[in-house]
Amino acid sequence: MVPLSYYLVLSAILFGCGVAGFLIKRNIITIFLSIELMLNGVNLSFVAFAAQLKSLDGHIFVFFVMVVAAAEAAVGLAIIISVFRTRETLNVDRVNLLKL
Amino acid sequence: MIPAVDYIRILPELVLSIFGIIVMMVDPVLPEQGSKKPLGIVALVGTLAALAATAYQTGFYGEAFYHMVRVDTFSVFFHVVVLMIALVVILASYDYLDVQSIRAGGEYYALILFGTVGMMLMSSAIELVLIFIALEISSISTYILAGMRRRAAESAEASLKYFLLGSFATAFFLYGVAMIYGATGTTNIYNIANYLHTQQSTLAYLAVGLMFVGLGFKVASAPFHVWTPDVYEGSPAPVVALMSTGPKAAAFAVLLRVLFATGAPGWFWMVWVSAVLSMTLGNIGALVQQNVKRLLAYSSIAHAGYLLVAFAAGRQVGISAAMFYAASYAAMNVGAFAVVSHFASAGEKYVTLDDYAGLGRRSPVLAAILTIFLLSLIGIPVTGGFFAKFYVFSAALQSNLVWLTIIGVINSAIAAYYYLRIIVYMYMRDERSEAPVARIPVGLGIGLAISLVATIYLGVLPGRVLEYAIQGAQDLLK
Amino acid sequence: MHLWIIPLLPLAGAAINGLLGKRFARGLVTTIALGSTALAFAMALWVAAQFAGLPPDQIPHIERYATWLGAGSFSADFGIYLDQLSLVMLLVVTGVGFLIHVYSVGYMEHEGGYYRYFSYLNLFMFFMLTLVLANNYLLMFVGWEGVGLASYLLIGFWFLKKSAADAGKKAFITNRVGDFGFLIALFLLIKHFGTLQYDSLWPLIGKYPIESGAAGLLTAIGLLMLVGATGKSAQIPLYVWLPDAMEGPTPVSALIHAATMVTAGVYMVARSHLVFNRAPDAAMAVAIIGTLTAIFAASIGIVQTDIKKVLAYSTISQLGYMFMACGVLDYVGGIFHLVTHAFFKALLFLAAGSVIHGLGGEQDMRNMGGLRKHLPYTFWCMTIATFAIAGLPPFAGFFSKDRILWSAWSNGYRSLWLIGVITAGMTSFYMFRLWFLTFFGDYRGPNPEAAGHAHDAHAGGSHGHGAPHESPMVMVVPLIILALLSFIGGWVGVPHSLKGSDHFDAFLSPVFHAPAAPAEGAQEQGESTTELAFTGISVSIALLGFLSAWWLYYKRPELPGRMAKAAGGLYTFVLDKYKVDELYGAVFIQPLIALSLNVFWKGIDRGLIDGAVDGSAAGAREVSDEMRQMQSGNIRSYAGWVAVGAAAVIAFMVWRGVR
Amino acid sequence: MNFINNNILTIVIFLPLAGAILLVFFPRRHRDIRYFALAVSLITLLASLHLPWYLVRGQSGFQFERNIPWIAHPNIHYHLGIDGISMWLVILTTFLMPLCVLISWNSIGDRVKEFFILMLVLESAMIGVFVALDLFLFYFFWEATLIPMALIIGMYGHGRKIYASVKFFLYTMIASVFMLAAILWLYARTGSFDFVTIQSMIQGGQVPGFGNAALWLFLGFFVAFAVKVPLFPLHTWLPDAHVEAPTAGSVLLAGVLLKMGTYGLLRFNLGLFPDQARRNAPWIIALAIIGIIYGALVAMVQPNIKRLVAYTSVSHLGFVVLGIFSFTQLGMDGAVYQMLSHGISTGALFMLLGMVYDRRHTYDINEYGGLATPMPVYATFFAFIMLSSVGLPLLNGFIGEFLVLSGAFQARQLYGILAATGVIWSACYLLWMYQRVFYGAVSNPANNSLRDLDARERVSLWPLAIAALVMGVAPMLWLHSIDPAVAATLRQFSSAVQAHAAHAPGSLVRADFTRNGMQALLQVIGR
Amino acid sequence: MLPLVLFFIFAALCVGGAINLLVQKHPINSALSLIVVMGSLALIYLLLGAEFVAAVQVIVYAGAVMVLFVFVIMLLNAGVEERTEHASRVATVLGVPGLIIGLSIAVWVVSHLAGLDRIAIGGPTVMNGSDVFGNPQAIGRLLFRDFLLPFEVTSLLILIAIMGAVVLARREE
């Protein structure tokens, strides 16, 4: 038997890794991957809570999160392509025309 | 079986979605290189139809689709605000697309309509699942719209920044939803409220905090505001008009639901600090801006701060003040950006203050209209901005938030400086800019007229709108 | 009696000439100006006749016309207060004023701004009459300020000359300093008595005891009035404007700066006798100031070479006598000297004006001499005036001055008497010096040919006369009338000691309730013997002055120069008027300007306040600029901000939840 | 008649605004625009003359009242009304406006339409400030004056016009938000914006938490008004604004806008917070006296005529504040009178400066000298107005100054004495300036051929000159209605202070003050 | 005991994958690490009795979405990420673990206080009783009844996503 808090901590670790990845990675695609990691972390929480609550709402939520993630992935990658076209780089630090 | 009345309760959203699809279907029929104006007209008709549907909706208050949406004065209020924003934005885009040679007119209008659907759903949804999806709809469509000026690197960059940071923030929101779900076992706002009324939950605190991060990002309140100036600067001006008002208003509606309808605990100082930070950082940041879009972006951060003051005030007065503020802020800001979008000309070349020098002489009407919007943003009487601030601060005082009020009024005085700077450039600087001034096109003219009338109306006879807001606040708390 | 007509006549003249005079012919201007003054004088005479018929219980005769200023319980009227004192003043002002108007017609004949001149002069008459006839202090203050204005305008009449404009400004501002004191006195009166109307004020003041020993309210009022009076009547320390005021046309000097306006201070002190009677300290201050001014001005007058400057210092000195009189509570004496002085000093100025006119603008006595042949009428008139001012019997000045000195002695102010007597000697000396220098000896001026364009002090520049010549009759006739008055004017006040009946004293004493009138009855015999002895002293002192002047400036004219050399620094020091102007400049004016300019304006206003404001604006912009660094444009740093915010929010909310 | 009495204030407020709106649709023919603006301002003047004509003198309280609900939430009323104090300020406004139109006739040649629209809008707002009895409405008009004035300075000014305009705007704006906060606080506690209601609630002690907040509320209002007045350390916007503003702007700024501050002090700071007013009076008076002396001294050394005159406003308005905070009948009567007379004199001075600026385009004193020779009529007008500003008796300036000073003296002798030195200073700076500008020979060849005043300019000056004279000779025409109004204010004030004194024994009510106040009061009742 | 062991194994895999994602320089490696995380998560979902979610996780997430990622990485020919400014080693070395640990501790504290660490879930009970909980049928019923509206609205979202992808990725002519 696994205490619920273990799942939650694991979920927090994954979420935290996602945040950290966003902060330290320079490749736009990797940053995007970090966001997916965060979402996965959240999903784990949902599923864990659903198991605890014996309610399927959490599963439904996860399902919708996946759909949204997929949609975001499509749009996000398109945006990345569009940025790559104009800037010829995937380094996020070089995407800084707009500032101050 | 779903009763027919449920469809009426999502009728405006349905109408708009249908018109969005019509736009997409008409698009291929139009000549490839031709003007996209017919699409604009379709979108316009769609918005008007949705407005009519909203009006029709008022007779059918209630929940629908198994407690997914709830139509009440609160949601109708925001429906109207959002639809009016969409209307003006479409009107402002009418000629803008041709001027900027944006070819993807079909997608452009469709995205505006779909995005509006998302925003409307945000305000009427009472289920966090639906709120989340609606939020994503409005966000993703604005991410895309931000990148619509495809030839401009800035546009792509804005889109990317908005997208990455938006997704980042959404993850926080989602995490918050997960927590509230864990805390209460439900994702329905009113069920959550019922739970929280009877039970204490430590998790709920964390949940509220995390959801505030996500929504705070959407409304551009400090310290989650950092994306705003860059994105506003890079995005097409009419899109900025939309994204600085529509999703913001909708996100405020969600925030109102999350903070007030659920009876969420412990957020007061968080909102207080955020309000102070937003006002201060927004206003101070705007002081030295040369780019008008960027300046208005900073100002919109500050305005989010004022709105949060109303949140901090809480209770019915605070909520109604926030609603009124959202409406009048929408009216004036959408108008201001509409002017900016027109004046920017092809390639959005003319967006710095220097380009505005002597505008009062070159284009007195446009300058006068922009002046009125700016005065409203300052909060000068006879404009909606004045009453908005007025209600917010008086709500704050009624809740004994003296210091917050004082910080707020000082901030609004500081803010006068940079708005005034635009007026100064328009009227008091000698003409130096070579920026051409085109005649005000019909579409934009109508759009400006609408927001102008709204701004003045809210400034002279705010009573009626305020009554709606009060009614909405009551409905929200019911 | 419709007394309001008297002041309004000259006002009408001033208004008509001022507004329309530019388009009028000179004759019309003259007619209006002289006509209004003449009518006023006639009316004054008629009033005097009426007044004589009034029963004593109807004196003072008060006429109220309207409330001028009313606020709360305070109010001040437009109204007229006619008693013996104001009647005397009324007659002097209208009479001498009229004569000087007449004289001016000749004197100003060739000047530009003729209508302006007469308009100002009439305006002066109006204000002066308001001053003397007012039935309350506020209205008196109107006249008080108004004559100052007229004086300002007339001193600066030749405004193209910087010195004239400067002098006008100096006169006005110096007077304002005095007015400041006067105003405070009025405020004290309002605060404690609630009114400024004479008729309601006197009984209230009358209830106060004499403030001997401890200075109180009335002393304060008296001293503040004295401040006002020193301004208007050119006493120490505010006398400095009067010598400069000689920049104005000479008739103006005669009318305003000798006969009438400058005596306003004396009139005011006399009018406020109730205050000074009850405030011995204030009265003593008046006496001391007056005496000191008398000798101080006389000492400067001795060495001046400008004929008008000598007369100016002489005026200051004589005003000092009047103050001395008032200070020793002999108001009648003061007013008496005021009247006689009005005659002879007006005459002196007009005669000097005639000389100047005759010499084409020359004012320096070193360039005169021997003029008695060229200007016979002027000479004789001047002679009478000189004897009058020197205090030689039986001329007018003798009686009044003698009375003052005697009052000082008999009231116990022995030291003041001594100074007064010395001053009398000095007066006699410098007047005869003037007389000898001007009319005797040889003409020291330039050739008649050159005179025309060499000495043209008048800005009008039309005095292109040739050799020294007598003035036209329109100027000479007033001289003669005044000479007559200077001769016989004192006879109305022949003291009892000289077996006179002293009508003047009898006439005026009721006003002052005769507190200081020479004692009657038993002591009279002894007193009058002493008095006679003192008269003898002063006459001999005057004669001494005459003799030394004769010795130095007629018999041995080369002596003064040598004496001046021998005195060296002292002489130049006196010649430079004890450098008082320079002292004021260095102590008050320059520091004030420097303070205002460098400390207040540039330091506080620009540096401190604007500096702080602009600085904070710049600071805000700097902060803004700094804060823009938050907006680095880097997505990761933005995410960092969001993460930091989120961390703070999480920490806070967890803390809240845990609590 | 009744209809007119009920609506006259509305008419007077909105006539200029209606004119402005009509003007928006006018073709850009400058001549027509000017005549139209002149006509509108003259009609407004005529309409406003209804007020003194039908004002009932003895009646206390507000007259020509109009009180209708405007906005239900919050409870805002369109509540107008005047008493003897505000009425004259309205008349002053309407009186100056046609003259301002005249003075701008030729000097404004560019963007004429906008100029007159701004002027008329400004007039509406200024009148509104003086007649509003609802705090909200008052604030509304108060802020509404800001924009047109800032635009007038910024668009039609010269030199550092933008700096001046922005400075003016920000100073006023920042200060008035404190007033807004105070108004909101009052509303939050009383549920009303109505001046009369709030006043009686405060006096009845029905405002919860008022005791602790009173000082801050007082300061909130005070700062807003003090900046406008302007009181000593807050005055530096004024010289800049004046120097750079066009003539009409300066005239209105000095003539009317500054009075909004003193009017506010009198009406609101005294009316709502009598006890605080009394407590804070010493330092406020100190600032006023510093302003009197300091303003005068700084004026004296200015090299720029307009800046000089601007500083004199600091000095003169110090008198007004002094009079108000002397809490004596005389002082407050004088303060009101001084407001009016300063409007006339300084307005006229600025007009005169504008006329010479039109000819020479400089305000530098060194550029002038000897102007009396080429421009005698001008010099005469100038001298006359200068004398009225100096406070020569029988001209307008004297009455106000005298009353203020004697009132201040009654309150405390030192106040009167220090302030009375202003009599000396004003003579110093104006006479010195006059001498440098007008006397002497013409030193600058550019001044040799200056035209003297033309008919239009004379027409615009005569009313002011006559007003200055009449106000000096027959002040009772004004004081008859000012006096009872001030007495009513004072009555309210002293009863409030006494009530407070009764609550808190041993408070600092000075005996002489009460005595004087009561004396004045009895006098008024007795009449 | 077994569920706990399994949980730790998969959790370790998850965390390892996540950390690897951070450490790897080449995006393709990061993407593959993410797939590891997702796979492990799917197994944990199974452990929690969420069969349907686990399946979707593998098919949609690890399958479709990640393929898209890899595809784009290949398309754009992304190489090893370059070092640029804003690289503070201290911040990375201390901040990242700090952030992760901090968040974990916060969550742990909160869940501890909420009493969640006393609730044990997973293991055989859930796994065995899966016929009523978490199976596709129950989910389907919920999805097409209670959550019908969100489900339908999702179609709009996907439409937008398609449109966006087309509009943005289309080569500008």
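Values below: every heavy atom of this structure, side chains too, minus hydrogens, waters and symmetry copies. Lettering of chains follows the sequences in order, A, B, ..., and the numbering in each one begins at 1.
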Contacting region of [X] [heavy-atom separation from chain E under 4.5 Å]:
{"X": "B:Ser141", "answer": "both"}
{"X": "B:Tyr175", "answer": "side chain"}
{"X": "B:Leu121", "answer": "side chain"}
{"X": "B:Leu111", "answer": "both"}
{"X": "B:Glu127", "answer": "side chain"}

Are the ring centres of B:Trp267 and B:Phe212 closer than 6.0 Å?
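Not under 6.0 Å, so no.
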Give a yes/no verdict on a cation-pi contact between B:Arg9 and B:Phe65, requiring under 6.0 Å between NZ or CZ and the six-membered ring centre and an angle within 45° of the axis.
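No; the conditions do not both hold, so B:Arg9 does not lie above the ring face of B:Phe65.
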Does E:Arg145 make a cation-pi contact with E:Phe151 (under 6.0 Å, within 45 degrees of the axis)?
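Negative - E:Arg145 is either too far from the ring of E:Phe151 or too far off its axis.
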Any salt bridge linking B:Asp27 with B:Lys36? Criterion: basic side-chain nitrogen under 4.0 Å from a carboxylate oxygen.
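Judged by the 4.0 Å cut-off on N to carboxylate O distance, B:Asp27 and B:Lys36 do form a salt bridge.
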E:Leu148, part contacting chain B, at a heavy-atom distance under 4.5 Å:
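Answer is side chain: those atoms of E:Leu148 sit under 4.5 Å from chain B.
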Heavy-atom cut-off 4.5 Å, strictly under: side chain, backbone, both or neither for E:Phe147 against chain B?
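The answer is both parts of E:Phe147.
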Less than 4.5 Å apart, side chain to side chain, heavy atoms only: is that true for B:Ser139 and B:Pro247?
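No; the side chains remain at least 4.5 Å from each other.
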Would a 4.5 Å heavy-atom cut-off, applied to side chains only, mark B:Arg257 and B:Ser75 as touching?
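Side-chain contact under 4.5 Å: yes.
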Of the listed residues (B:Ile140, B:Ile2, B:Leu203, B:Val69), which shares the most heavy-atom pairs with chain E below a 4.5 Å separation?
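Top option by heavy-atom pairs under 4.5 Å: B:Leu203.
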